Amino acid sequence: MSRTVLRLTTRLLGAALVLWAVATIVFVGIRLVPGDPALAILGGPGSQASAEALAAVRAEYGLDQPVLVQYGAFLGRLVTGDFGESYVLRRPVADVIGAQIGATLALAAASLVVAWAIAIGLALVSTGRSRWARSIGGGIETVAAALPQFWLASILVIVFATGLGWLPAVADGTPAGVVLPVLTLAIPVAGFLAQIMRESMLDALAAPFSLAARSRGESETGLRLRHALRHAAVPGVELSAWAFGYLVSGAVVVETMFAMPGLGRTLLQAVTLRDVPLVTAVVLVVALAYLVVTFLADVAATLIDPRRRDAETGDRPAPTPRAEVAA
């Protein structure tokens, strides 16, 4: 029990440290962007704001204070959950985030599910007995993992929207409108997951428990689906936290290209217009979502692999990486 409490405390402290580091990087990065934030608050260069108006805005938002004072006030507001008001939208940042976060998280979650489905299929094909299937599956994994999102999105639109006319080129609010965005995000992630799972599955198929299963008359298909796949899924589940962060960050490209609502487009517009409170809130929310998914992925990997659970509870020593247990 004490080990579990210590592990949880360590995770919470680590999460707090990550959020502080992210907030600090955002604070410094925004101030390195050329331009006057006071002018951005007043509507940008086209507003032709007077010197008196600029001075009043700087005093109102504390922009005339030393940087360290601004930084301290910035952290104090974040600790209390006060993200302030959007400079451009003139709305509370929390309201803006609340209106956009659902679409982005749904897009990322759907893309992760599709990526897993593709990765499992590729892993099963690339570890089969057919030499041609292994070569083709391995080649697809490598190519998929290397595809840039903007290029993949363009190809998918040209083929399925412009050429075949099966799907809309932009998100139109229908289920068909999210197919291309989901595939754009899912295919590269599926390539990475499939590569990791293929190596783990090959190790599992060569392990002693696989030999014992074959001696009991287990078919190759049953061995892969009932035994090896579970072992191969563990590193994939651990990688899912990174994959989710990749998908959320990739939403900036995908939401812009397919005209979808969400945090990605909101972040891009906020950075362009130097909307500091909105940029800060979006980045911190994305970082928090990544930390939550990391924790859930670790829990899922522990439930799938009993060796990890036994090692964490101290029931018995953790086996060597090559040691396997019968599924």
Side-chain angles (χ1 to χ4, degrees), residues 9-41 44 57-58 61-89 91-98 100-101 104-105 107-108 148-150 185 189 238-256 262-298:
T9 303
T10 303
R11 279 189 172 276
L12 291 176
L13 291 176
L17 181 61
V18 169
L19 292 176
W20 167 79
V22 169
T24 301
I25 292 172
V26 171
F27 179 86
V28 174
I30 287 293
R31 278 151 184 78
L32 293 178
V33 176
D36 187 352
L39 189 59
I41 295 172
V57 168
R58 293 190 185 101
Y61 287 90
L63 299 175
D64 56 347
Q65 300 293 322
V67 174
L68 290 180
V69 174
Q70 295 183 44
Y71 178 66
F74 167 77
L75 291 182
R77 290 192 299 269
L78 292 183
V79 168
T80 60
D82 179 15
F83 292 111
E85 183 180 85
S86 169
Y87 292 166
V88 177
L89 301 177
R91 294 172 53 197
V93 169
D95 294 346
V96 178
I97 297 295
Q100 303 294 334
I101 189 172
T104 297
L105 293 181
L107 176 63
Q149 290 175 339
F150 66 90
L185 288 173
V189 172
E238 293 173 339
L239 191 64
S240 292
W242 163 85
F244 187 82
Y246 172 86
L247 293 171
V248 173
S249 63
V252 175
V253 175
V254 172
E255 289 175 358
T256 301
L263 289 182
R265 290 183 67 190
T266 301
L267 177 60
L268 181 61
Q269 294 169 358
V271 171
T272 303
L273 299 173
R274 289 180 60 88
D275 195 338
V276 177
L278 190 52
V279 171
T280 303
V282 172
V283 174
L284 286 176
V285 167
V286 171
L288 181 61
Y290 174 79
L291 292 172
V292 171
V293 173
T294 300
F295 175 76
L296 295 177
D298 185 63

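Computed from a prediction, not measured in an experiment: that's the story for all the values here. Just so it is clear, the values below take in all heavy atoms, side chains as well, and ignore hydrogens, waters and symmetry mates.
Contact detail for Ala108 and Leu247: the closest heavy-atom pair is O-CD1, 3.4 Å. Scanning all heavy atoms of the two residues, the minimum distance from Val93 to Ser86 falls at CG2-N, 3.6 Å. Closest approach of Ala251 to Leu185, counting heavy atoms only: N-CD2, 4.3 Å. The two residues Glu255 and Leu263 have their closest heavy-atom pair at OE1-N, 3.5 Å.
In this structure, the side chains of Val282 and Gln100 stay at 4.5 Å or more apart for every pair of heavy atoms. Looking only at side-chain heavy atoms (C-beta outward), Trp20 and Leu75 come within less than 4.5 Å of each other. In this structure the side chain of Ile101 reaches within 4.5 angstrom of the side chain of Leu105, judged on heavy atoms.
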